Protein chains: 2
Amino acid sequence: MKQQLKQHIEKTIALSDREFDFVFSHFDQKSFLKHQFIIQEGNYAHNDYFLINGLVKSSHIGEEGKEHILQFGTENSWVSDPQAYHTHAKATLNIQCLEDTQTYLISFQEKEKLCADLTKMEKFFSKKTSLEQITLQRRILCLISNNAQNRYEDFLRQYPNLIQRIPKTMIASYLGVSRETLSRLSHA
Amino acid sequence: MKQQLKQHIEKTIALSDREFDFVFSHFDQKSFLKHQFIIQEGNYAHNDYFLINGLVKSSHIGEEGKEHILQFGTENSWVSDPQAYHTHAKATLNIQCLEDTQTYLISFQEKEKLCADLTKMEKFFSKKTSLEQITLQRRILCLISNNAQNRYEDFLRQYPNLIQRIPKTMIASYLGVSRETLSRLSHA
DNA sequence: TTGATTAAAGGACAAATGTCACAAATAAAA
DNA sequence: TTTTATTTGTGACATTTGTCCTTTAATCAA
């Protein structure tokens, strides 16, 4: 399992076994059950979570109490509340498990230490954020240029394996349409 | 003008005059006229642009030929096609000037060199990307949780000074609604 | 298993938004 | 200035999407 994180990081930068052991010593392991919150709105959220397995949703609760889903996270992805993580503010997002989930987490402080001692890792995190940025930009483009039907088809193409694991209600919330509208789309 | 970039960077990391001169030596200056393209779809886009002044739009042309605006950039902001910049692929975005615009630009290669020689700058760019990530996430949340009226009000709150400088057609394109719909919102 | 909760589909109607057309106002160019 | 584009507003109507409601199916816990 430790190897899973190593392999993940090595997609971006090369690491000797010794170096990885050093990197790994900055992480903690933590497991969560289905329905459990990893991050909860209003609390501090100083950690960035690497998902070993499982499935989570990251969402925000709007004024009228509606949930809006920003992201689904699954094996080998990272989740956090970036605002809370980087600015040390209280979380405005909720990250909750849809399945039992195991994680490696690193606190902001430990990450700073790690990057100071091993510059490569600064590069790793920087690259990771850049890729996330590209993903978010793609999502914005999809939201402003496509209707519900096309957004759903785009979702199917991007995450074909998640459809079975996530209730339609949540996919609708991710796409920014009502559950009923999603239910009426042609399921080609 | 050189000081403007220094002050901008110093909001994130401290730099001696000597260090900044070194940083600055990795940048080039380039000016553009209104209507001119900084980045054009299909071309390579190896540079990241810091805007000294002026106004630009970053957009994508959809299948049916419609323009969808991802971002407006003005003094002290950065613009690029992140995908093209980081993956060395051809640009899928257009960045075009709405006003005469002066920039400092840094190529991907020069940025890599700079970060290798002055680790602080890796931290600077990393922080910059993180803040951009937070902004994009906020935008997504706005798009999936608000109707046209509220998205427009949100835009007014976030960019009160841009409204006079940007035609409504483009604001509509940024918000993901038709020009006519935007025109009919209550302009409270 | 049984009962309770949750998820999904679909009808009926209202509200929001898009499209097309045209006219007025404004800005840019000659 | 005059001429030409561009921008903006608005009406009429079609389409999309949201809301409320009921029913059925599926899932989960005791």
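Not measured: the values here are computed from a predicted model. Chain letters run A, B, ... following the sequence lines, proteins first and then strands; every chain starts at 1. Computed over heavy atoms, backbone and side chain alike; hydrogens, waters and symmetry mates excluded.
One atom, CG of A:Leu185, and another, P of C:dA9, lie 10 Å apart when rounded to the nearest Å. When the C1' atom of C:dT17 is taken as reference, atom CZ of A:Arg151 falls 13 Å away, rounded to whole Å. Here C:dA8 presents its P atom at 13 Å from CD1 of A:Ile163, a figure rounded to the nearest Å. Going from atom OH of B:Tyr152 over to atom C1' of C:dA16 covers 18 Å, rounded to whole Å. The CG-C1' distance, from A:Leu98 to C:dT6, rounds to 14 Å in whole Å. Rounded to whole Å, atom C1' of C:dA29 lies 12 Å from atom NZ of B:Lys34. Remark: P of C:dT17 and CG of B:Asn146 are 11 Å apart, rounded to the nearest angstrom. Rounded to an integer number of Å, the gap from A:Met170 CE to C:dT6 C1' is 10 Å.
The shortest distance between the side-chain N/O atoms of A:Thr181 and the OP1/OP2 oxygens of D:dT17 is not below 4.0 Å. Contact between the side-chain N/O atoms of B:Lys168 and the OP1/OP2 oxygens of C:dA25 is not found at any separation under 4.0 Å. For B:Thr169 and D:dT6, the shortest distance from a side-chain N or O to OP1 or OP2 is not below 4.0 Å.
Along DNA chain C, the nucleotide closest to B:Gly176 and the one closest to A:Glu180 are compared, and the more 5′ of them pairs with A:Glu180. When the nearest nucleotides of DNA chain D are assigned to B:Arg184 and B:Ile166 by heavy-atom distance, the more 5′-ward of the two goes with B:Ile166. Looking at which nucleotide of DNA chain C each of A:Leu182 and B:Lys66 is closest to, the 5′-most match is held by A:Leu182.
Checked against a 6.0 Å centroid threshold, the rings of A:Tyr44 and A:His88 do not count as neighbours.
Minimum atom distance to the side chain of B:Ser183 is reached by D:dT10, of the listed D:dT10, D:dT7, C:dA9.
Checked by atom type and distance alone, the side chain of A:Ser173 pairs as donor or acceptor with a backbone atom of A:Glu67 at under 3.5 Å. Judged purely by atom type and a 3.5 angstrom limit, A:Arg179 has no side-chain atom pairing as donor or acceptor with the backbone of A:Thr169.
A:Arg179 contributes no side-chain N or O that forms a donor-acceptor pair with the base of D:dG18 under 3.5 Å.
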Quiz item: Could you walk me through whether B:Thr129 and A:Gln133 pass the side chain to side chain donor-acceptor pair (under 3.5 Å) check?
Solution: CA-CA 7 Å; B:Thr129 312; A:Gln133 186 190 22; 5.0 Å; no
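Below 30°, between 30° and 60°, or above 60°: for B:Phe20 and B:Phe24 the angle between ring planes is between 30° and 60°, a tilted geometry.
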